[in-house]
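The structure under discussion appears below in the form of structure tokens.
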There are 2 protein chains.
Amino acid sequence: MNHNFPKLVRPPAYRVVSEEIRQAILSGELQAGELLPTEIELAEQFGVTRSTLREAIRILEDSGIIGRADRKRLIVTLPKTSTVGRSVSSAMVMHRVTFKELWQVAMGLEPLAGKLACESATEEEKEQLAKNLQHTANVLDDHKQLLDAEIEFHNLVAAAAHNHALLQARAPLNDLFYPAWGAVIRALSPGQRILVAHQHVFDAICNNQPQDAEKWMEKHMLDFRRGIEMGNLGFDQPVTTAANNPL
Amino acid sequence: MNHNFPKLVRPPAYRVVSEEIRQAILSGELQAGELLPTEIELAEQFGVTRSTLREAIRILEDSGIIGRADRKRLIVTLPKTSTVGRSVSSAMVMHRVTFKELWQVAMGLEPLAGKLACESATEEEKEQLAKNLQHTANVLDDHKQLLDAEIEFHNLVAAAAHNHALLQARAPLNDLFYPAWGAVIRALSPGQRILVAHQHVFDAICNNQPQDAEKWMEKHMLDFRRGIEMGNLGFDQPVTTAANNPL
DNA sequence: GATTGACATATTGTCCGACAATAAGTCAAT
DNA sequence: ATTGACTTATTGTCGGACAATATGTCAATC
């Protein structure tokens, strides 16, 4: 054997079709917001049956790049980070990613978000943060509400960074990691330390002091780690999916 | 209107089925490596037609949590980071993520990878890195091969960090970002500076000096930024997908 | 003994046609 | 302005059919 042929790939039709449509979208040929032709028309264009075409559509629909205009007609869509994040989260759960691993990533991303937010946050975003802080102060004793406020704070900071790649990379944290704040909050109760850290991050953002934002976000995450270790969640335990069926 | 009913969600059958299977997998009820029943059997179990069931399967197949045992039978699979990364990359392209945004994320993740690799790298991984360095030195003038070696180096370091969450977060960098090294390499040619940076990161990993690894990875990424700005790629241009059809 | 060929079998890929379910529009009646 | 009845377009689901492909078996061949 002096010559090796490359192994032949013969993807099924539904895969070819879905890839074709995906490329059309990624290349800009199809813009977000455009209505797609009906299933029958599309099937005719590709020369396949509706069944085959539908299988192709499912693939794209799940990855979020096409959705529904009105629960019927298909439309090219800008994927939401949460949609894309879901498949990433699934993968992480299957790979038995631990809290520790996620925390390490969070230690890389959250301080970064704080830093970038200093440069990019708009007045409106600062207001939202301010509102969040005030709300947090009011619900310090209500674990459930405090958890929601806590998660929202991190999302607001990340959004203020105006970096979609960062948002996307952060998505699994929302699904898998921050829900654990529930246990952390109970362990560190009352939430005084949480509020103080948030306050400092907020001030840093308002005064455009990136290093401070970074530093305080880091401290905040260190608290988080301590909380997990104190709670009944093992730091080296794999994360789980909290029965997430938001379809 | 004193009472608001929650809007009714009535997901189609194919979605319910796919979600059902996904949960069975995530809950561990179905382990990776297990063969799934045939389509006919599955359809009978759920009480739907094969067509409907197949649409459900497509969704899961695309997200990589089920695959093929032998191009026919379906099997529960550990999703590869590249598979999951592809949908993330698509989303980023559609959101017109710029080189700058990706670079900012890379500045958060790559030094982190270097740092973690110091603690976690096995002897075998160090050997692979050494081999990569030597190869790099040999192809400093061959742009194409140098690019491959460069990308491999970063992947090896990331793998040596032994953090799957990090690998997953990094996945889009491989698809969208590092291909741009092509232009960078031409701009910075010859690749002497690249090799020096790699060398220092490698030394730091071998001598278990996390700060050094972090620092040199950071310098390396700063070079990258300079290269992009010098090349004909705009730093504020949206990244594109390099006609990636690895099906 | 290893390779080839012929055959049966199981499973997925694709097609076709049909009908039910749902969303949107029109128009008249109240 | 709201309701109700009707029409129409489109997706959701069904059932059955056959082609294409991988597996296994067994005999024939060298």
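Naming convention: chains lettered A, B, ... in sequence-line order (proteins, then strands); numbering from 1 in each chain. What you see is a predicted model, and the numbers here were worked out from it, not measured in a lab. Values below: every heavy atom of this structure, side chains too, minus hydrogens, waters and symmetry copies.
- Counting only residues at least two apart or on different chains, the ring pair (Phe, Tyr, Trp, His ring centres under 6.0 Å) pairs with a member in residues 75-106 of chain B are A:His164-B:His95, B:Trp103-B:Phe235.
- Rounded to whole Å, atom P of D:dT10 lies 14 Å from atom CG of A:Leu53.
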Scan nucleotides 11-18 of chain D nucleotide by nucleotide, 5' to 3', and note B when protein non-hydrogen atoms come under 4.0 Å of the base, S if they reach only the sugar-phosphate, - if neither. BBBBB-B-
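- For A:Arg58, the salt bridge (Lys or Arg N to Asp or Glu O under 4.0 Å) partners two or more places apart in sequence, or in a different chain, are A:Glu61, B:Glu55.
- Within the structure, salt bridge (charged side-chain N to carboxylate O under 4.0 Å, His left out) pairs that include any residue of residues 144-161 of chain A comprise A:Lys144-A:Asp148 (at least two apart or interchain).
- Screening residues 155-171 of chain A for salt bridge (charged side-chain N to carboxylate O under 4.0 Å, His left out) gives A:Glu110-A:Arg170 as the qualifying pairs, with residues at least two apart or on separate chains.
- Taking the side chain to side chain donor-acceptor pair (under 3.5 Å) definition, one finds that B:Glu39 meets it with B:Arg50, B:Arg54, sequence neighbours left out.
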